[in-house]
K.L.:
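The structure that follows is given in the form of structure tokens.
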Amino acid sequence: MDYPQKTEIQKKAAEGSPITQPEASALASDETDMTGFGPIKGGTAATAQSIHDRQRNFTTTAGDLARKPPEEITKGDAADVQKKEARALGGVPPGRGSTSAYVQSMADHNARERGA
């Protein structure tokens with residue numbers, strides 16, 4: 001069986017690859033089969049589930065912002081999406097061209113328009 005190490009899962013997330021719920025569930029099932037009692041706290045399956053949840057939280061936040069009128073995007077919105085994107089990437093700060101960078105640019109533009 002080719003069972004991934006938790007560092008491989010973390011690297012995948014840092015590269016921006018999604019960890020799907022079926023993937024996390026399969027790892028939990030495999031880990032249960034290997035241990036005989038369930039996923040290991042802090043192990044590969046737990047890491048995969050945690051990353052999946054953080055990625056989903058980020059995509060939900062980004063989706064909510066996408067439905068907000070662009071002129072209403074605030075610096076608070078930008079900070080929130082940046083925090084969640086960094087968490088989804090495993091703590092790696094989002095860079096140029098990221099969703100966070102785009103939202104920050106809109107927030108900065110709106111602040112200048114409002115004279116803030």
Side-chain angles (χ1 to χ4, degrees):
M1 172 189 295
D2 190 23
Y3 191 75
Q5 296 295 311
K6 121 175 155 173
T7 54
E8 293 173 62
I9 301 294
Q10 292 166 327
K11 182 179 180 214
K12 183 178 175 181
E15 293 169 350
S17 296
I19 307 296
T20 66
Q21 185 60 57
E23 203 175 353
S25 295
L27 289 169
S29 178
D30 291 347
E31 208 166 274
T32 298
D33 291 345
M34 288 187 296
T35 63
F37 60 85
I40 300 165
K41 183 176 182 176
T44 299
T47 298
Q49 185 63 55
S50 176
I51 290 169
H52 165 74
D53 293 346
R54 286 182 273 154
Q55 288 175 337
R56 196 172 83 203
N57 191 12
F58 163 64
T59 57
T60 298
T61 298
D64 290 345
L65 281 177
R67 288 183 288 282
K68 189 173 186 178
E71 63 277 2
E72 292 180 16
I73 302 292
T74 67
K75 290 188 178 235
D77 293 330
D80 188 39
V81 79
Q82 180 182 24
K83 178 177 111 181
K84 290 177 180 170
E85 187 169 11
R87 289 196 57 169
L89 295 171
V92 176
R96 293 184 99 169
S98 67
T99 299
S100 297
Y102 180 71
V103 172
Q104 184 65 56
S105 177
M106 288 191 329
D108 290 345
H109 172 78
N110 291 340
R112 282 191 302 275
E113 290 292 310
R114 288 190 290 272

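Counting from 1, the numbers follow the sequence of the chain as shown. Every value quoted in this text rests on a predicted model; they were computed, and no experiment measured them.
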K.L.:
Checking S25 against Q21 for the side-chain hydrogen bond (donor to acceptor under 3.5 Å, both in side chains) test, could you report, in this order, the C-alpha distance in whole Å, the side-chain angles of both residues, the deciding distance, and whether it holds?
P.N.:
CA-CA 6 Å; S25 295; Q21 185 60 57; 3.2 Å; yes
K.L.:
Indicate yes or no: at least one non-hydrogen side-chain atom of K68 is less than 4.5 angstrom from one of M106.
P.N.:
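No, too far: nothing below the 4.5 Å cut-off.
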K.L.:
What's the shortest heavy-atom distance between E31 and Y3, and which atoms?
P.N.:
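Minimum heavy-atom separation between E31 and Y3: OE1-OH, 2.6 Å.
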K.L.:
Does the side chain of V81 reach to within under 4.5 Å of the side chain of F58, using non-hydrogen atoms?
P.N.:
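Yes, their side chains come closer than 4.5 Å.
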K.L.:
Just checking K83: does its NZ atom have more than 12 heavy atoms from other residues, nucleotides or ligands closer to it than 6.0 angstrom?
P.N.:
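Atom NZ in K83 is not crowded, with 12 or fewer foreign heavy atoms closer than 6.0 Å.
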K.L.:
Supply the atom-to-atom distance K6 NZ to I40 CD1, rounded to the nearest 0.5 angstrom.
P.N.:
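That separation rounds to 10.0 Å.
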K.L.:
Calculate, to the nearest 0.5 Å, the distance between atoms CD1 and OG belonging to I19 and S50 respectively.
P.N.:
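The CD1 atom of I19 sits 10.5 Å away from the OG atom of S50.
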K.L.:
Compare every heavy atom of H52 with every heavy atom of T20, then report the nearest pair and how far apart it is.
P.N.:
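Looking at all heavy atoms of both residues, the shortest contact is C-ND1, 3.8 Å.
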K.L.:
Got a second to check how far H109's NE2 is from R114's CZ, nearest 0.5 Å?
P.N.:
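The distance works out to 9.5 Å.
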K.L.:
Under the salt bridge (charged side-chain N to carboxylate O under 4.0 Å, His left out) rule, what do K11 and E15 come out as? Steps first, then yes or no, please.
P.N.:
CA-CA 6 Å; K11 182 179 180 214; E15 293 169 350; 3.7 Å; yes
K.L.:
If you compare all heavy atoms of A86 against all heavy atoms of P94, which two are closest, and at what distance to 0.1 Å?
P.N.:
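For A86 and P94, the tightest heavy-atom pair comes out as CB-CD, 3.9 Å.
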K.L.:
Given the rule in the side-chain hydrogen bond (donor to acceptor under 3.5 Å, both in side chains) test, do T74 and D77 qualify, once you have shown the distances and angles that lead to the verdict?
P.N.:
CA-CA 5 Å; T74 67; D77 293 330; 3.3 Å; yes
K.L.:
Please find the pair of heavy atoms, one from A101 and one from G95, that lie closest to each other, and give the distance.
P.N.:
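Closest approach of A101 to G95: CB-O, 3.8 Å.
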K.L.:
What are the two closest non-hydrogen atoms of V92 and A14, and how far apart are they?
P.N.:
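Minimum heavy-atom separation between V92 and A14: CG2-CB, 3.9 Å.
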K.L.:
Is R112 salt-bridged to D108, going by a charged N under 4.0 Å from an acidic O?
P.N.:
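The answer is no: the pair does not qualify as a salt bridge.
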K.L.:
Quick one: does I51's side chain get under 4.5 Å of T47's, heavy atoms only?
P.N.:
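I51 reaches T47 side chain to side chain.
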K.L.:
Hydrophobic clusters here meaning ILVMFWY residues chained together by side-chain heavy-atom distances under 4.5 Å, can you tell me if L65 and Y102 are in one?
P.N.:
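Yes.
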K.L.:
Taking everything shown except Q5 itself, do over 12 heavy atoms lie less than 6.0 Å from its CD?
P.N.:
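No, CD of Q5 has 12 or fewer neighbouring heavy atoms, counting only those of other groups under 6.0 Å.
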K.L.:
Any idea which heavy atoms bring I9 and P4 closest together, and the distance?
P.N.:
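That closest heavy-atom pairing would be CD1-CG, 4.1 Å.
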K.L.:
Look up atom NZ in K12 and atom OG1 in T7, then write down how far apart they are to the nearest 0.5 Å.
P.N.:
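Reported to 0.5 Å precision, the distance equals 13.5 Å.
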K.L.:
Is R87 close to N57 at the side-chain level, that is, under 4.5 Å between some pair of heavy atoms?
P.N.:
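Heavy-atom side-chain distance check fails, nothing below 4.5 Å.
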